[in-house]
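One structure is given below, encoded as structure tokens.
Here the structure is a predicted model, which is why all the values come from computation and not from measurement.
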Amino acid sequence: QAEKPKDKVTLMLNWYLYSEHATFFLGKEKGFYAEEGIDLGIQEGRGSAVTAQAVAAKSATFGYIDVTTMIKAAAKGAPLKSTGVLFQVSPMSVMGLSEKNIATPKDIIGKTVAVTPGDSMSQMWPLFLKVNDIRPDQVKVVSGDGQTKLNAVANGQADLLLGYVMDQAIKLQDATGKPVTPIRFADSGVNQISSGIITHKNLLTENPDLVKRFMRASTKAAEAAEKSPEAAVDAMLKAHPKAGVRDTLIVGMKQSVALYHTQETANQRPFRVAMKNVNDSLDLLVQYGGMDASTRGKPEDYVTLDFLPN
Amino acid sequence: MLRKLLLCPALRPFLLILLLLALWDLVIRLFEIPAYLIPPPWEVVKQFVAEWPRLLSESWKTTLATLGGFGLTIVIGIPIAMLIAYSRLVESYVYPLLVFSQSIPKVAIAPLFVVWFGFGILPKVISAFLLGFFPVVVSTVMGFKSVEPDMLDLARSMGASRLQTFFKISLPQALPAIFSGLKVSVTLAVVGAVVGEFVGANSGIGYVLQVANGNFDLPLMFAALVVLSSIGVILFVAVDLIERSMIPWHASQR
Amino acid sequence: MLRKLLLCPALRPFLLILLLLALWDLVIRLFEIPAYLIPPPWEVVKQFVAEWPRLLSESWKTTLATLGGFGLTIVIGIPIAMLIAYSRLVESYVYPLLVFSQSIPKVAIAPLFVVWFGFGILPKVISAFLLGFFPVVVSTVMGFKSVEPDMLDLARSMGASRLQTFFKISLPQALPAIFSGLKVSVTLAVVGAVVGEFVGANSGIGYVLQVANGNFDLPLMFAALVVLSSIGVILFVAVDLIERSMIPWHASQR
Amino acid sequence: MSQVRLIEARGVAKTYQSKDGPVESLKPLDFAIQEGEFVSVVGPSGCGKSTLLKMVAGLLPISSGELTLAGKPIEGPQKDVGIVFQSAVLLPWRSVEDNILLQAEMRHLPKAASQARARELMEMAGLQGFEGKYPWQLSGGMQQRASICRALLHDPSVLLMDEPFGALDAMTREKMNLELQRIWMASKKTVMLITHSIPEAVFLSDRVIVMSERPGSIAAVYGIDLPRPRPLDMMAAPEFGAHTKLVRAHFFSQGILDH
Amino acid sequence: MSQVRLIEARGVAKTYQSKDGPVESLKPLDFAIQEGEFVSVVGPSGCGKSTLLKMVAGLLPISSGELTLAGKPIEGPQKDVGIVFQSAVLLPWRSVEDNILLQAEMRHLPKAASQARARELMEMAGLQGFEGKYPWQLSGGMQQRASICRALLHDPSVLLMDEPFGALDAMTREKMNLELQRIWMASKKTVMLITHSIPEAVFLSDRVIVMSERPGSIAAVYGIDLPRPRPLDMMAAPEFGAHTKLVRAHFFSQGILDH
Ligand SMILES: Nc1ncnc2c1ncn2[C@@H]1O[C@H](COP(=O)(O)OP(=O)(O)OP(=O)(O)O)[C@@H](O)[C@H]1O
Ligand SMILES: Nc1ncnc2c1ncn2[C@@H]1O[C@H](COP(=O)(O)OP(=O)(O)OP(=O)(O)O)[C@@H](O)[C@H]1O
Ligand SMILES: O=[N+]([O-])[O-]
Ligand SMILES: [Mg+2]
Ligand SMILES: [Mg+2]
């Protein structure tokens with residue numbers, strides 16, 4: 001086995017290192033990738049869109065990004081496909097400091113919400129309001145980038161912000177030292193697939209074996225991470241001591257693995273998304289996500305489960 | 001003949017736009033850049049036409065913020081430059097502080113603006129001001145320091161006050177330098193306003209850019225960038241025209 | 001007496017730093033700014049000391065990228081400015097294009113750099129260059145256009161070639177203006193390098209900033225900003241010293 | 001003529017500080033100019049005449065000695081003084097007329113009256129028709145004449161002139177000499193005139209100060225007791241010749257040039 | 001003296017275009033300067049002398065007529081020419097010596113030889129000791145002398161000088177006059193000299209061109225047939241006086257000034 005030349009593979013993440021990335025470090029530490037003859041390099045990213053473009057340009061072999069972003073790019077002609085969806089439950093949520101007693105969607109009425117214009121959460125926001133029978137004019141919206149949203153809530157200019165449960169919720173808590181209550185969109189039935197693995201379409205035909213091996217290793221890694229989020233975080237911190245504060249990362253990682261399965265896929269291995277879930281996400285993209293209905297296509301155009309282990 | 005045609009002032013903007021589009025198209029074909037990286041020009045033109053009313057109204061807001069910041073630049077930057085040029089003490093303390101503040105990327109601190117200035121036009125104006133004012137300060141200091149000693153002697157011999165010397169001698173002589181700073185400043189102010197809109201605003205071209213980015217709508221994003229650049233060009237040309245009318249005596253205008 | 005102390009060149013940097021820290025502390029106390037918005041100075045100093053080796057090695061990478069971009073600025077910006085100053089045709093086409101490109105916020109297009117240039121030093125250098133070169137072009141054009149007609153007559157009377165006139169007459173006379181552009185440029189190049197690091201680099205102060213930002217480690221973030229500003233100040237002072245040694249004849253130096 | 005010492009120098013010297021050491025420009029000088037007196041200064045190029053004039057004007061600090069105007073030490077620019085610099089120093093962004101009116105603006109003089117006077121002076125100097133032109137549209141001599149008009153605009157009681165007529169042709173120069181004499185006699189100004197023309201110095205002055213080569217010192221002071229007003233043809237008179245000869249002889253005795 | 005017409009003007013006129021309409025500066029002129037000839041131009045201030053000189057130098061386009069040098073139309077700056085401008089035009093970033101050596105640098109002359117010649121010329125002009133000084137550290141007259149040295153550095157066969165001695169005192173001026181005559185006689189240059197001093201024009205020239213008031217035209221041309229070399233005391237000779245009187249009389253006949 002030692003003679004077998006290893007394939008150099010780059011996995012480009014969606015962002016700088018944070019909790020949900022720990023999965024891949026755990027897989028690397030446990031040697032899952034090496035076993036598959038893969039020499040894995042993990043590359044930090046600068047947003048899902050950039051990683052999508054980089055993978056499309058073959059600057060990276062695989063990407064770990066928000067699959068809906070990839071779908072938008074693919075609809076515009078980027079030769080991309082997802083080979084497995086890790087977050088099948090959307091981490092999107094609207095959150096505020098617990099002291100404000102905003103625990104249910106109805107409590108949002110009359111409050112001020114900070115959003116980042118154009119991002120996937122802001123796009124699903126109207127739907128979230130609709131399914132909860134809240135009129136758009138019953139909430140006040142202010143816009144800002146990620147940091148601004150946190151500042152606004154911490155400082156009282158806004159009561160709530162749209163963010164991910166495993167990301168902003170923890171940051172807000174760390175910054176203010178006060179507990180935070182997130183209201184998940186998914187709990188109101190507004191669900192979209194989220195983080196997953198993507199790659200260039202050509203790779204699927206040129207080197208299907210590599211894709212299979214990579215997905216096999218990644219599946220094992222995800223399973224290991226589900227079992228022990230702490231070990232995953234420790235693996236990441238071992239590789240990158242500056243990646244964050246252990247306790248915080250562990251909280252985030254626990255939140256992350258909770259998104260690995262919907263009820264339908266509860267008994268399946270990670271990455272095996274239900275195509276109905278993908279289809280629903282496409283519907284949402286067309287209705288709310290600015291996707292042109294003529295380019296919608298079928299779930300199979302964007303996601304394939306053919307490379308996943310059984 | 002061709003030269004004359006190319007230099008004809010009425011035709012120039014159109015030729016320029018054509019040139020730009022041709023260049024763009026050429027680059028895309030030459031490097032085979034796919035549409036999800038850089039959209040082809042006609043797609044952008046299409047989106048441009050379709051979204052025109054919205055782009056227009058949003059660009060108006062960005063322009064307002066830019067002008068506000070640029071106005072602050074003039075009102076604050078030039079007097080500061082004056083003080084730096086005239087007082088060694090001020091120079092040795094204020095100048096380094098300005099330089100210090102200048103190397104901080106505004107995108108990194110802009111999120112704080114919202115906390116202080118809310119979500120209105122103010123944070124944009126301040127961001128535009130912060131990006132724009134340093135070039136004006138540096139150029140103006142240089143301009144004031146280049147004033148010929150002979151002319152200052154002349155003013156002193158007339159018993160001119162500091163203020164008079166400033167307004168009648170130093171300022172006119174420093175004008176070409178000041179305007180060179182203002183030209184840089186005005187284009188940076190546009191960038192500043194947009195950065196301000198990135199971090200906290202519900203309107204403006206920066207907002208459109210962010211939304212387009214989120215939707216992976218590259219044609220809209222590039223249309224917005226074109227609008228932005230056009231705002232920059234128009235403001236630059238306006239400053240240039242003001243310069244020409246204010247310093248017709250300068251060697252560069254003879 | 002106090003004035004003398006304040007002006008003493010050896011003490012000045014220390015007094016300045018003290019002043020800065022005091023100001024910072026004052027602002028925080030005065031406006032009761034919570035630590036999650038702006039950390040108190042001593043926290044930053046602590047983090048600064050703790051992370052010093054890392055900050056030093058990362059800042060070195062940022063400085064390299066800055067210098068690379070600044071070098072490009074000089075090598076590309078000044079010749080372009082020359083062409084603009086000497087040819088009406090080039091001026092009427094190239095100048096608007098430059099202005100056009102200038103009003104695009106680099107943060108908006110920088111992500112494309114990653115796709116094209118990867119994660120090496122190249123995207124940082126290019127970003128530093130793009131941010132820095134416009135001020136140099138504008139100032140240099142102004143400098144060349146301000147050259148006195150008398151001196152050009154002198155050169156022509158000596159049968160000087162265009163190149164000779166440029167190097168012996170126009171360039172020296174434009175130097176103060178060029179340097180004023182370079183000073184703005186060098187601080188912007190620092191910002192450019194950092195913006196480049198934001199979008200595509202795994203090292204440098206920009207990277208530290210982003211990571212600190214992601215971890216909500218404000219003291220580290222501010223320590224990084226201080227390092228960044230210091231790089232800016234040092235480079236600015238270096239350009240200033242070169243200026244002083246190159247144009248001791250100028251009115252501003254007498 | 002009153003006998004009040006308006007300008008008085010006691011041991012006034014000047015050493016310029018330059019990067020390669022001090023440059024001694026003027027050895028200690030002693031002289032006095034009475035109120036209403038017309039004094040010319042002649043001397044070889046580079047002997048320090050302009051330096052002296054700038055110190056009297058309060059534009060250049062003295063290095064040692066005592067320099068007083070009306071008894072008070074000169075420590076900065078003086079108020080009631082008009083200066084013609086050796087170079088015209090016209091502001092390129094102002095028309096000829098506006099350059100002349102700068103004097104009025106700086107001194108807050110009434111506008112209409114100043115304008116009228118500016119027109120008058122320009123006519124006197126032969127600049128009519130060029131009021132609206134910019135300095136670079138003028139010939140060298142015209143620029144110099146414009147700067148003379150500027151110095152006269154506010155009718156100062158002290159006039160300091162550094163080779164004001166150097167760029168003028170003989171006729172224009174003689175005409176300006178006559179004008180200057182007329183103005184001086186009418187308004188009894190105190191005048192200090194630097195010139196390279198010995199006949200001009202003799203023709204206009206009550207006294208001529210002759211300076212020696214660099215570093216400058218006062219070689220001699222000659223009183224010119226010719227009657228006033230002096231017509232141009234007085235230049236042909238033997239007394240006039242005697243005076244110029246005296247000054248000239250003094251010069252050549254320094255052995256600069258064998259005659 | 002050879003009889004080759006080196007510089008020839010036929011109907012040369014100049015009208016400046018300015019924002020408020022054209023300014024006629026020179027009416028059509030006809031004149032010729034022989035090779036090796038020393039010609040002076042005198043005329044009232046603003047009559048167009050500097051304009052004429054710049055056109056001969058090829059620095060200013062003519063508005064109409066024909067202007068040739070050695071038979072070829074002057075269309076740009078000429079090579080073998082040395083020019084002294086009315087103002088010194090020294091580069092502020094160069095020392096006096098380097099200002100003079102600029103001429104050598106621009107013309108790619110050998111460095112050592114040029115340096116030696118520059119030192120020689122500076123000594124001739126009384127600038128020794130100021131080689132390393134910057135222009136603003138010189139007196140007005142010294143600046144002018146430096147610009148004369150620069151014009152002579154490359155030993156041009158044609159010398160165009162615009163009031164080169166205007167800022168010099170009488171003695172330095174006479175000394176420079178003698179030097180110029182010596183240089184001219186030794187190297188047989190063709191010289192066109194603009195001056196405001198009629199004695200200087202007569203003393204130095206083969207012919208004196210007298211111009212009339214603005215817009216300038218040629219009022220008269222006088223040949224000066226005094227023997228060479230001319231010592232300074234020739235100025236006292238009656239023939240000399242006759243010449244100056246002729247020129248001067250011509251001037252005053254224009255009624256500029258009653259004598
Ligand atoms: N700023 C300066 N720095 C150093 N030396 C100077 C400066 N200004 C003048 N000098 C020197 O002082 C001396 C006298 O200069 P000044 O201009 O007073 O002479 P001047 O008598 O007016 O000569 P001219 O008749 O040529 O105008 C000269 O040797 C000159 O080099
Ligand atoms: N650039 C210009 N634009 C317009 N008019 C000009 C320009 N240069 C000179 N003139 C005009 O041309 C005329 C002649 O000027 P010129 O400098 O040739 O005179 P000059 O005979 O040399 O006078 P001076 O003896 O005073 O130097 C003047 O009336 C002047 O106003
Ligand atoms: O800070 N920026 O110039 O993008
Ligand atoms: Mg002088
Ligand atoms: Mg002239």
Identify which of [options] forms the greatest number of heavy-atom pairs closer than 4.5 Å to chain B.
| options | answer |
| --- | --- |
| C/I231, C/I38, C/L188, C/V141 | C/I38 |
| C/S180, C/G232, C/P96 | C/S180 |
| C/V237, C/V137, C/L97 | C/L97 |
| C/L89, C/L225, C/V186, C/T66 | C/L89 |

Start with the C-alpha distance between C/Y95 and B/F236, add both sets of side-chain angles, then the distance that settles ring-ring contact (aromatic ring centres under 6.0 Å, His included), and finish with yes or no.
CA-CA 11 Å; C/Y95 216 171; B/F236 184 94; 5.5 Å; yes

Which pairs, with at least one residue in residues 172-191 of chain B and sequence neighbours excluded, count as a salt bridge (Lys or Arg N to Asp or Glu O under 4.0 Å)?
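Of all non-adjacent pairs touching residues 172-191 of chain B, those that pass salt bridge (Lys or Arg N to Asp or Glu O under 4.0 Å) are B/K183-B/D240, B/K183-B/E243.
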
Chain B contact via [X] - side chain, backbone, both or neither, heavy atoms under 4.5 Å:
| X | answer |
| --- | --- |
| C/V194 | side chain |
| C/L98 | neither |
| C/F179 | neither |

Using a 4.5 angstrom heavy-atom cutoff, name the option from B/I33, B/V190, B/L37 with the most pairs to chain C.
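Maximum pair count with chain C is reached by B/L37.
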
When heavy-atom pairs shorter than 4.5 Å are enumerated against chain C, which of B/L235, B/L209, B/L20, B/L19 gives the highest number?
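Heavy-atom pair counts peak at B/L20.
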
Who passes side chain to side chain contact (heavy atoms under 4.5 Å, CB included) against B/A128, sequence neighbours left out?
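Expected list: B/A189, B/A193.
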
Enter the distance from [X]:[atom1] to [Y]:[atom2] here, rounded to the nearest 0.5 Å.
| X | Y | atom1 | atom2 | value |
| --- | --- | --- | --- | --- |
| B/Q173 | B/L152 | CD | CG | 8.0 Å |
| B/T187 | B/F70 | OG1 | CZ | 9.5 Å |
| B/L26 | B/L21 | CG | CG | 12.5 Å |
| B/L175 | B/I242 | CG | CD1 | 11.5 Å |

Checking heavy atoms, do the side chain of B/F144, its backbone, both or neither come under 4.5 Å from chain C?
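For B/F144, neither part sits under 4.5 Å from chain C.
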
Please classify the contact between B/S185 and chain C as side chain, backbone, both or neither, with a heavy-atom cut-off of under 4.5 Å.
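It is neither, since no heavy atom gets under 4.5 Å.
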
Going by distance alone, is a donor N or O of one side chain under 3.5 Å from an acceptor N or O of the other, for B/E197 and B/T62?
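The criterion, which ignores hydrogens and geometry beyond distance, is satisfied for B/T62 and B/E197.
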
